[in-house]
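Note sheet for the following structure.
Below, each value reflects all heavy atoms present in this structure, side chains not excepted, and no hydrogens, waters or symmetry copies.
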Number of protein chains: 2
Amino acid sequence: MSAEANASGYSRSTEDYLKVIYELEGRGAPVQTRAIAEALEIAAPSVSGMVKRLSESGLVEHVPYRGVRLTGSGRRAALKMVRRHRIVETYLTQKLGYDWDSVHDEAERLEHAVSDELIGRMAMALGNPRYDPHGAPIPTKDGQIEEQELLPLSEVPVGSMAELRLVSDRDPELLRYIASLGLKVGVAFEVIGRQPFKGPVTIRLPGKPPRDENLGHELAAALQCWEREGEVG
Amino acid sequence: MSAEANASGYSRSTEDYLKVIYELEGRGAPVQTRAIAEALEIAAPSVSGMVKRLSESGLVEHVPYRGVRLTGSGRRAALKMVRRHRIVETYLTQKLGYDWDSVHDEAERLEHAVSDELIGRMAMALGNPRYDPHGAPIPTKDGQIEEQELLPLSEVPVGSMAELRLVSDRDPELLRYIASLGLKVGVAFEVIGRQPFKGPVTIRLPGKPPRDENLGHELAAALQCWEREGEVG
DNA sequence: TCGCAGATTTAGGCACGCGTAATTCCGGGA
DNA sequence: TCCCGGAATTACGCGTGCCTAAATCTGCGA
Ligand SMILES: [Mn+2]
Ligand SMILES: [Mn+2]
Ligand SMILES: [Mn+2]
Ligand SMILES: [Mn+2]
């Protein structure tokens, strides 16, 4: 048989922990045990145990009762996983006809099995894409990742034009729903209203005739947009 | 995160054991512990332990000190893995430019991560191929597999035409070497000589002018061929 | 400043897969 | 039939990663 367990040398669990910690770290704040536990759907004491191993491996720095932060090598490994995940999602969508709501689960498994070689070939076949199907930036081979300045649709000022740039890939139903509205990454629309107290946001989608849609606050908050101030079509 | 560990529901180890047992079973003879241990590069007592678990799961039947045989569900699961492995190898070769000597290791990992859905899409994109890049038949979705009647080149009678049909995918160096000779699955040639006492086999490859090559006995034994009796070109 | 709620860790346990060392079994030759 | 070498199993141990229950810590509000 041969072939290593896991192209990267780390276990699947380790890889998933690093990725989740990276995503929860955001702007460098220490990540709480409980947040990791929730994201991975694992009991908190299991996380404590794993965190100890990760910190003994030098992948995270752990301040007891405070939280963890990725070390340099932890961050590198995490970015590698993020790249794998996003390239796989892009490949499945572009080359194998997957819809954007069904690639995440597949990628969650494949990211641990693909080699650098395969990721390189997929990226090549795709023309080295910069974003995955949900708009998330794909880290380069050497770990550079673009920082995006985005605004949740729920905070885009009424009256301005916005363009959908990024949606979480975690909720297939949400993805299916917004796709059914004709919304996908890159689509521009006008924000024509927003009700107070977490009320719905109304947007006007391009088309003949233009179509208005009301989006609940929670949904609107999940849609990260570029705002194009003043540019009302 | 979500997403099962392993699309099939069995662990990676379990899947590899089943596949190896299937391959060692050949014509239904019980498979010895030692053979499994060697194929998986694992110590024999580890195999004893795993065999016990496999037999408790109803995947193999174990007669102590004698060997194991796959049960119905064990065979079904094994054939599923064989299908996955071979479709992945074919896909990597056809769609991502891999050489036939480098797909095996990649497939050995990916086979555990791909879903039925993905295998279906890969097979579709390939036009439901019947053989993998090494000539091995690909089981159908419902577990049918073609039985081939092949003869090792070392046993093909001198003077007859033969066509290379199947090579083991385990030895990349062997694969590279025979490819360098211009041999690949489907190539026909004439067997023009064979020395006794495990001596070399001489074949005449088509071309202008035809080219003769001497293949060591061990190599010739690894090349499974169709014999086309009497048809000397 | 105290105490409580919630977060975290510790304690103890389990299944999985692997290993080495020791023991047992099995089949064939004398 | 006995013995012996090789095959297989048993005994024991380890790291990983998960769990629940019990202790412990931390920060905040009264
Ligand atoms: Mn994803
Ligand atoms: Mn994953
Ligand atoms: Mn193979
Ligand atoms: Mn495998």
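The CZ-C1' distance, from B:R12 to D:dG17, rounds to 18 Å in whole Å. As a whole-Å value, the separation of B:E15 CD from C:dC16 C1' is 15 Å. The OH atom of A:Y10 sits 16 Å away from the C1' atom of D:dT16 (whole-angstrom rounding). Distance OH (A:Y17) to C1' (D:dG17): 7 Å, rounded to an integer number of Å. Rounded to whole Å, atom C1' of C:dG17 lies 14 Å from atom CD of B:E56. Look at CD on B:Q32: it is 10 Å from C1' on D:dA8, rounded to the nearest Å. Between the CG atom of B:L54 and the C1' atom of C:dG17 there is a distance of 11 Å, given to the nearest Å. As a whole-Å value, the separation of A:K52 NZ from D:dC18 C1' is 16 Å.
Within the 4.0 Å cut-off from OP1 or OP2 of C:dC26, not a single side-chain nitrogen or oxygen of B:R34 is found. Between B:R53 and C:dG17 there is a side-chain N or O to OP1 or OP2 distance below 4.0 Å. Neither OP1 nor OP2 of C:dT10 sits under 4.0 Å from any side-chain N or O of A:Y65.
For B:H62, the listed nucleotide lying nearest its side chain is D:dT9; candidates were C:dC26, D:dC19, D:dT9. Of the candidates C:dG19, D:dG17, C:dT8, C:dT8 carries the atom nearest the A:T33 side chain, counting heavy atoms from C-beta on. Minimum atom distance to the side chain of B:P45 is reached by D:dT10, of the listed D:dT10, D:dC18, C:dG17. Side chain of B:M50, nearest nucleotide from D:dG17, C:dG17, D:dT26: C:dG17.
Salt-bridge formation is detected for the pair A:K80/A:D116: a Lys NZ or Arg NE/NH1/NH2 atom is positioned less than 4.0 Å from an Asp or Glu carboxylate oxygen. A salt bridge does not link A:K19 to A:E15: none of the charged nitrogens lies less than 4.0 Å from a carboxylate oxygen. One finds no salt bridge joining B:R121 and A:E106 here, because no Lys/Arg side-chain nitrogen approaches an Asp/Glu carboxylate oxygen to under 4.0 Å. Residues B:R12 and B:D16 are paired through a salt bridge, judged by an N-O separation under 4.0 Å between the basic side chain and the carboxylate.
Of the two residues near DNA chain D, B:S48 and A:I42, the one whose nearest nucleotide lies more 5' is B:S48.
In this structure, B:H62 contributes its side chain and B:K52 its backbone to no donor-acceptor pair below 3.5 Å.
Looking at heavy-atom distances under 4.0 Å, A:S13 makes contact with sugar-phosphate atoms alone, never a base.
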